[in-house]
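A short write-up of the structure that comes next.
Proteins come first, then strands; the chains are lettered A, B, ... in the order of their sequence lines, and each starts at number 1.
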Number of protein chains: 2
Amino acid sequence: MPGPSAQSHPVVVDPAQLLRDTGLQVTAQRLAVLRAVTASPHGTADEVEALVRADIGAVSRQAVYDALAILGDKGLIRRIQPSRSSARFESRVGDNHHHLVCRACGITVDVDCAVGERPCLHASDDHGFVIDEAEVIYWGLCPACRTIEP
Amino acid sequence: MPGPSAQSHPVVVDPAQLLRDTGLQVTAQRLAVLRAVTASPHGTADEVEALVRADIGAVSRQAVYDALAILGDKGLIRRIQPSRSSARFESRVGDNHHHLVCRACGITVDVDCAVGERPCLHASDDHGFVIDEAEVIYWGLCPACRTIEP
DNA sequence: TCTAATTCTTGACTCAGTCCACAATCGGGC
DNA sequence: GCCCGATTGTGGACTGAGTCAAGAATTAGA
């Protein structure tokens with residue numbers, strides 16, 4: 001839905017160019033990791049590894065972890081880790097959205113941030129910290145689990 | 001700071017009674033875990049285990065994990081798990097406060113919730129979930145790390 | 001005090017993630 | 001288009017947090 005305020009980057013960004021722009025070498029593994037994270041938001045490293053392997057035939061687990069780490073560092077993907085879950089990754093970045101997690105089945109869905117800017121909340125007392133992000137996880141029961149659980 | 005609205009339980013609660021009231025058997029291990037979590041907020045399971053061992057002489061790791069899990073289930077302690085950290089536990093419950101975590105050194109401090117009631121925030125779209133908690137982690141750099149890092 | 005149910009101990013095991021040394025690949029200069 | 005140094009990826013061992021399971025010890029109600 002194109003609105004009056006256009007995004008700062010082109011509508012369709014070439015993933016290879018995206019990597020180059022960030023100062024990263026372009027490799028088949030990194031491109032495949034980027035595709036996997038985009039195709040399957042909130043996937044674990046294992047799931048990403050499986051998708052990448054299905055995509056380009058073979059990868060080492062280490063390459064997947066390396067790519068996830070460096071892409072995360074550069075801000076091309078985001079890493080979240082709800083309690084009792086292994087790390088999950090998503091390619092939706094920059095809009096500072098939040099997450100809704102089901103206590104029963106663990107399903108994770110995105111929720112828009114009502115404020116929109118980061119950090120979207122201000123701590124009542126920052127204890128001298130320089131805060132750059134407020135990460136919010138809403139915990140509850142999803143519609144499916146709500147009907148099963150008492 | 002006692003205000004006009006008093007807490008629902010007595011000012012000083014006997015820990016053993018607290019366990020009994022929750023329907024749990026009172027054991028030396030559980031009492032020691034409760035003491036350890038209170039004495040060292042935001043400690044990991046390993047740290048709790050060490051404190052408990054120093055306190056009552058010996059415990060199995062399993063007993064510590066069992067106690068942390070059941071005390072968490074019953075709401076006597078809270079479990080938090082910031083990204084890239086193992087689980088941490090605290091006995092300050094019921095006031096729905098939040099946390100401030102340093103990206104560099106990992107130090108965790110409490111921040112009061114500006115709203116006070118749970119869930120203190122409302123998701124912009126609940127996707128049909130029944131939300132009972134909004135967990136907020138503020139990420140940044142603590143005063144000490146701010147002077148070291150560029 | 002006795003007894004059934006709950007809890008703790010011990011030790012093996014799983015899973016996510018990391019470390020390391022060597023091989024393969026990328027990409028800027030010729 | 002080819003070379004070469006720097007960056008990445010591979011394979012395999014390893015770590016740390018947490019879980020499972022069977023039997024021994026403890027708790028609490030009769």
- Decide, yes or no, whether a salt bridge links A:D66 with A:R30 under the criterion of side-chain N to carboxylate O below 4.0 Å. no

- Give a yes/no answer on whether the side chain of A:Q29 brings an N or O atom under 4.0 Å of OP1 or OP2 in D:dT10. yes

- Note on the structure: In whole angstroms, the gap separating P of C:dG17 from CD of A:E47 amounts to 11 Å

- Message: For A:A28 and B:A67, find the nucleotide of DNA chain C closest to each by heavy atoms; which residue's nucleotide sits nearer the 5' end?
- Response: B:A67

- Item | Nucleotide nearest A:R84 when distance is taken to its side chain, options C:dC8, D:dG18, D:dT19 | D:dT19

- Message: Using OP1 and OP2 only, check whether a side-chain N or O of B:T44 sits under 4.0 Å from D:dA17.
- Response: no

- Item | Minimum-distance nucleotide (side-chain atoms of B:D46 versus D:dA17, D:dG18, C:dG17) | D:dA17

- Message: What's B:Q62 touching, base or sugar-phosphate or nothing? Going by heavy atoms closer than 4.0 Å.
- Response: base

- Any ion pair linking A:R103 and B:D132 (charged N to carboxylate O, less than 4.0 Å)? yes

- Minimum-distance nucleotide (side-chain atoms of A:D66 versus D:dT19, D:dG9, C:dT7): D:dG9

- Task: Could you check how far CG of B:L68 sits from C1' of D:dT19, rounded to whole Å?
- Result: 14 Å

- Item | Distance in angstrom units between B:I70 CD1 and C:dA5 P, rounded | 17 Å

- Note on the structure: Separation of D:dT26 atom P from B:L31 atom CG, nearest Å, is 15 Å

- Task: May I ask you to evaluate whether B:Q25 reaches the phosphate of D:dG29, defined as a side-chain N or O under 4.0 Å from OP1 or OP2?
- Result: no

- Message: Please tell me if B:S86 has a side-chain N or O lying less than 4.0 Å from either OP1 or OP2 of D:dG16.
- Response: no

- Note on the structure: Atom CZ of A:R61 and atom P of D:dC14 are separated, to the nearest Å, by 14 Å

- Among the candidates D:dT19, D:dA28, C:dG17, find the nucleotide nearest to the side-chain atoms of B:V26. D:dA28

- Item | Salt-bridge contact B:R78-B:E133 (side-chain N to carboxylate O under 4.0 Å) | yes

- Item | Whole-Å distance separating the CZ atom of A:R88 from the P atom of C:dA16 | 10 Å

- Message: Nearest whole Å is fine: how far is C:dA12 P from B:Y65 OH?
- Response: 18 Å

- Compare side-chain N and O positions of A:R30 against OP1 and OP2 of D:dT8 and report whether any pair is under 4.0 Å apart. yes

- Evaluation steps, side chain to side chain contact (heavy atoms under 4.5 Å, CB included), between A:E90 and A:I77: CA-CA 6 Å; A:E90 64 185 355; A:I77 63 177; over 6 Å; no

- Item | Between A:D112 and A:H98: side-chain donor-acceptor atoms closer than 3.5 Å | no

